[in-house]
Visitor: 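The structure under discussion is supplied below as structure tokens; questions concerning it will follow.
What you see is a predicted model; the values in this text were computed from it and never measured.
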Amino acid sequence: MSVYTQLTDDQFAAFCQSFGVSFARAIPITQGIKNSNWFIQTTDDVDDTYSYVFTLFEERPPADIEKMAVILNQLNGKLPVAAPLAVVESNSSQTDGDDKRYVIHYEDKAITLVPCLAGSHPDQTTQAMCHDIGAALAMLHETLQALQPSEQYGVPLYPWADVRDREMQFMPGDEAKLMSDIWRSYSELPLATLPKGLCHLDMFADNTLWNLQKGEARLTGLLDFTEVSVEHYVMDIAITINDFCTTWGVAEQGESVNFDRSKMAAFLQGYESIRPLNSDEKRALPVMLAKAAVIFWLLRLNVIHYNRTEGRTGDNIMVKNPDLMKRLAAYHWAHVEKSQNTVFVLLSKPDNQIVGVFSSITQAEQAQETLNSSKFAIKEYTLDQLS
């Protein structure tokens, strides 16, 4: 995450001491777009090693970060997470977990110190990694169900509709229509029937760590729990799929966007090995993939807007290209539109008489099995072809 707030070595030393850590050096972390982060070397670290990550949360109020500490402690032991260190209290008798504080306040902002996790961010993902992150996300969803009521622990969802209304005023007509169409299709989903709970909502590959040695990838860390909110699980699934199953081309390659549906299948297999999806979630997923891309399209536009209005500039400010998410949204929306205009026809053999028309291949296959699969065939048609 980029560095927005500058701190002196004396300030770092004082803050680290509050967590019982002896400070030697702070190294800025420039990836990301929201918070100020540094690696912390202690007096016990040697060479270029470091033991902790020091985060100053630029936007989230301290109360939200305190909730995050509870969430991380709930996950600790089930998933590879770094739980925040407790503040060292002057009264040493305060040893009960309920009395611990994990957040320091600085100019109305929160500071935490967490242990570094081993591993590195992957440049590319594999089907096996997609399977493993799917299983990890399902475990996260299952484990956090113990925190009730979930609304007490999740931070409020960001008002993306407000950002949409502001940004659509300046968009070309085709982009505004794409965003509007996806948003409308999302609102028409059976949202009330979709399971909800505490969700990560930012499980991109650069928020994960892996042991990538010896040709095998092993998940060693899940990062950035600042956006944990109560949301539909299938939205969290869509957000994670969109990054893990997409190859993002570099600038020299024209910043291409290549979505891999075989990786998505591996992700879903991993997820459902822990928590099976219900039929409504499966039907909603294509639209959720498009809506998730829209949210991150808006997020990047919002960062540009925020940096401009706040006058935030400099080499440490990182801005991700919103057009990449726009292209991914368009890709997913094309598949939604195709499915909306496609039907599956059950035909009798050999005369090809229509026995039934179905909106999904699953429904057609179920009907085929019920009747007699050897005497019926399934063909895919667009509505125009059928008429």
Visitor: Is Leu209 reachable from Ile133 through a run of hydrophobic residues whose side-chain heavy atoms are each under 4.5 Å from the next?
Guide: no
Visitor: Backbone N or O of Ala118 within a donor-acceptor pair of the Thr220 side chain at under 3.5 Å?
Guide: yes
Visitor: State yes or no: do Met139 and Leu222 share one hydrophobic cluster built from I, L, V, M, F, W and Y residues joined by side-chain heavy-atom distances below 4.5 Å, directly or via other members?
Guide: yes
Visitor: Report, as yes or no, whether the 6.0 Å neighbourhood of atom CD on Glu216 holds more than 12 heavy atoms from other residues, nucleotides or ligands.
Guide: no
Visitor: Is a donor on one side and an acceptor on the other found under 3.5 Å between the side chain of His200 and the backbone of Asp202?
Guide: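 The answer is yes, because a donor-acceptor pair under 3.5 Å joins these two groups.
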Visitor: Would you say the side chain of Met325 lies within less than 4.5 Å of the side chain of Val294, judging by non-hydrogen atoms?
Guide: no
Visitor: Scan for ring pair (Phe, Tyr, Trp, His ring centres under 6.0 Å) pairs involving residues 124-148, sequence neighbours excluded, and state none if there are none.
Guide: His141-Tyr233, His141-Tyr271
Visitor: Where the side chain of Gln41 meets the backbone of Asp47, is there a donor-acceptor pair that is under 3.5 Å apart?
Guide: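 Such a contact is found between Gln41 side chain and Asp47 backbone.
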Visitor: Is the side chain of Ser229 donor-acceptor paired with the backbone N or O of Glu227 at a distance under 3.5 Å, no angle test?
Guide: yes
Visitor: Say whether, by atom type as modelled, one donor and one acceptor occur between the side chain of Asn278 and the main chain of Glu281 under 3.5 angstrom.
Guide: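 Yes, Asn278 side chain to Glu281 backbone: donor-acceptor pair under 3.5 Å.
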Visitor: Looking at side-chain heavy atoms only, is the closest gap between Lys109 and Phe57 below 4.5 Å?
Guide: no
Visitor: Using modelled atom types and a 3.5 Å cut-off, is there a donor and acceptor pairing between side-chain atoms of Asn207 and backbone atoms of Asp224?
Guide: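 The answer is no, because no donor-acceptor pair under 3.5 Å joins these two groups.
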Visitor: Can any side-chain N or O of Thr112 pair as donor or acceptor with the backbone N or O of Pro84 at less than 3.5 Å?
Guide: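 Judged by distance alone, no pair lies under 3.5 Å.
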Visitor: Does any non-hydrogen side-chain atom of Met168 lie less than 4.5 Å from one of Ser180?
Guide: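 Yes - at least one pair of side-chain heavy atoms lies under 4.5 Å apart.
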Visitor: Does atom OH of Tyr106 have more than 12 heavy-atom neighbours from other groups under 6.0 Å away?
Guide: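 Buried by this count: over 12 neighbours within 6.0 Å.
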Visitor: Hey, quick one: are Leu7 and Leu113 part of the same hydrophobic cluster, counting side-chain heavy atoms closer than 4.5 Å, chains of contacts allowed?
Guide: yes
Visitor: Report yes or no: is the cationic atom of Lys67 (NZ for Lys, CZ for Arg) under 6.0 Å from the centre of the six-membered ring of Tyr153, at an angle within 45° of the ring normal?
Guide: no
Visitor: I want to check something: taking the side chain as every heavy atom from C-beta on, are Leu178 and Asp174 in contact at a cut-off of under 4.5 Å?
Guide: no
Visitor: Does the ring centre of Phe12 sit less than 6.0 Å away from the ring centre of Trp38?
Guide: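 So the answer is yes for these two rings.
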Visitor: Verify the cluster assignment for Leu223 and Ile27: are they in a single hydrophobic cluster under the rule of side-chain heavy atoms below 4.5 Å apart?
Guide: no
Visitor: Does any non-hydrogen side-chain atom of Thr42 lie less than 4.5 Å from one of Asp45?
Guide: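 In contact.
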Visitor: More than 12 non-hydrogen atoms from neighbouring residues, nucleotides or ligands closer than 6.0 Å to CG on Asp123, yes or no?
Guide: no
Visitor: What pairs of donor and acceptor atoms, side-chain ones from residues 69-80 against any protein atom, are under 3.5 angstrom apart with sequence neighbours left out?
Guide:
unit_1: Asn73; atom_1: ND2; unit_2: Ala69; atom_2: O; d: 2.8

Visitor: Say whether, by atom type as modelled, one donor and one acceptor occur between the side chain of Asp243 and the main chain of Ala205 under 3.5 angstrom.
Guide: yes
Visitor: Determine whether Val228 and Leu201 make a side-chain contact, defined as any pair of heavy atoms from C-beta on separated by less than 4.5 Å.
Guide: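 No - every pair of side-chain heavy atoms lies 4.5 Å or more apart.
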Visitor: Would you kindly check if the NZ (Lys) or CZ (Arg) of Arg218 is within the cone defined by 45 degrees around the ring axis of Trp210 and under 6.0 Å from the six-membered ring centre?
Guide: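 Arg218 over Trp210 ring: no.
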Visitor: For Lys263, check side chain to side chain donor-acceptor pair (under 3.5 Å) against everything at least two apart and list the hits.
Guide: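 Lys263 satisfies side chain to side chain donor-acceptor pair (under 3.5 Å) with Thr125 only.
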Visitor: Among side-chain atoms of Asn302 and Arg166, is any donor-acceptor pair under 3.5 angstrom?
Guide: yes
Visitor: Do NZ/NE/NH1/NH2 and the carboxylate oxygens of Lys320 and Asp206 come within less than 4.0 Å?
Guide: yes
Visitor: How about Leu268 and Ile237: do any of their side-chain heavy atoms sit closer than 4.5 Å?
Guide: yes
Visitor: Would you say the ring centers of Phe23 and Phe15 fall short of 6.0 Å from each other?
Guide: no
Visitor: Should we count NZ of Lys177 as having more than 12 external heavy atoms under 6.0 Å?
Guide: no
Visitor: Determine whether more than 12 heavy atoms belonging to other residues, nucleotides or ligands lie under 6.0 Å from atom CG of Asn352.
Guide: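 Count over threshold, so yes.
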Visitor: Heavy atoms only: give me the nearest Val155-Thr226 pair and the separation to one decimal.
Guide: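 It is CG2-O, 4.0 Å.
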Visitor: With a 6.0 Å cut-off (strictly less than), is the heavy-atom count around CD of Glu188, excluding the residue itself, greater than 12?
Guide: yes
Visitor: Less than 4.5 Å apart, side chain to side chain, heavy atoms only: is that true for Met264 and Phe259?
Guide: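 Yes, close enough: below the 4.5 Å cut-off.
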Visitor: If we ignore hydrogens and angles and just use 3.5 Å, is the side chain of Glu66 paired with the main-chain N or O of Arg101 as donor and acceptor?
Guide: no
Visitor: Hey, does the side chain of Glu58 reach the backbone of Thr5 with a donor-acceptor pair shorter than 3.5 angstrom?
Guide: yes
